[in-house]
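One-based numbering, in listed order, for ligands and for the atoms of each. Each residue takes its place number in the sequence, starting with 1. These numbers come from the heavy atoms of this one structure, side chains and all, not from hydrogens, waters or symmetry mates. Everything quoted here is computed from the prediction, not taken from an experiment.
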Amino acid sequence: MNVVLLSGGGGGARFARGLASVLQPRELTAVANVGDDLEILGLHVSPDVDGLLYTLAGLLDDERGWGRADETWRALGAVGEWGGEDWFRLGDLDLGLHLVRTPALREGATLSEVTVRFVERAGITTRLLPATDDRLRTHVATPAGTFPFQEWFVGRRHEDEVVDVEYEGAEQAAPAPGVLEALASADAILFAPSNPYLSIGPILAVSAIREALERRAVRCVAVSPLVGGKAVTGPLDRMLSRMAGGTTPAHVTDRYTGLIDVLVIDRADAPAEAAVPLVVTDTVMRDREAERRLAEVVLEAACA
Ligand code: FO1
């Protein structure tokens, strides 16, 4: 069974781990958001690609939800001592990856090519594709001004209210090699329990990906990132309230009009009504077993 997952953020990576634990090797293709990418200290950082890589390779710091386990921060400490940018925390182990990827990109390799190399080295059996190899950057408009995603999310601790989200470069961006092929040969397409504006939105802003989803011949199932109308982590509930007028399952399905056939919601959000059928289950991925159970429910909904 070929499954394509659109994913971003920590929830997306954990859900991917659940799917990988129930599917056969190479049945899963994860398409990662790149709108969070940034260049800092001369390095290209791709947090959602790296989050999937680290999570699927068993290297993630599960408690923090990003970066590597057993991380140390000595290089960053020295960056701070020398007056460099240390607001975006790159750990010593994480830096190792960026020190390999950044020169490869500079020498002409694409993000998807470098990602394939890392997937092979990590021995991961999930296909991992960035949504695009082109430059696509999320910007967040707030009453205090418009900020590149990480400057708002990390630098300003996502405290400013969001009034709009822009995807710079999305109009010119082409899907990375393999993305359209994976969608065309998928038996099921899934949207991870990720932020619809910040994680899934940039992927859908690539018009060829959106069009492929619009003409899909298989079911597309999204998992709601809300539990009882609240975001498990991050600013989604505030964003939905402000920009969509509420935090019910219907407000989530409205972000995905014409793109999904089923929404999986948490028991805390039921009963509810929305534009597509709802499947109710426990969506909080407390541990590996919960990740696996959610994956099973979602795959069942995709194949029903
Ligand atoms: N999140 C933070 O809250 N603070 C950080 O300093 C930080 C650094 C960081 C470095 C590498 C990386 O891959 C992710 C990092 N994240 C950090 C997480 C990241 O900002 C977001 O969680 C994702 O972009 C949201 O998907």
Self-check item: Residues in the immediate environment of ligand 1 (any heavy atom closer than 4.0 angstrom)
Solution: Gly9, Asp36, Pro47, Asp48, Trp66, Trp87, Phe88, Arg89, Leu90, Asp94, Phe149, Gln150, Phe153, Val154
Self-check item: Gln150 side chain near Val154 side chain, heavy-atom distance below 4.5 Å
Solution: yes
Quiz prompt | Test applied, side chain to side chain contact (heavy atoms under 4.5 Å, CB included); reference residue, Val221; option that passes from Val276, Asp261, Ile260, Leu190 | solution = Leu190
Quiz item: Do Glu85 and Trp87 have side-chain atoms, one donor and one acceptor, less than 3.5 Å apart?
Solution: yes
Exercise. For the pair Asp164 (side chain) and Ala141 (backbone), establish whether a donor and an acceptor sit closer than 3.5 Å, ignoring hydrogens and angles.
Key: no
Quiz item: Under the 3.5 angstrom rule, does the side chain of Asp86 hit a backbone N or O of Leu76 as a donor-acceptor pair?
Solution: no
Quiz item: Charged N to carboxylate O below 4.0 Å: is that the case for Glu296 and Arg293?
Solution: no
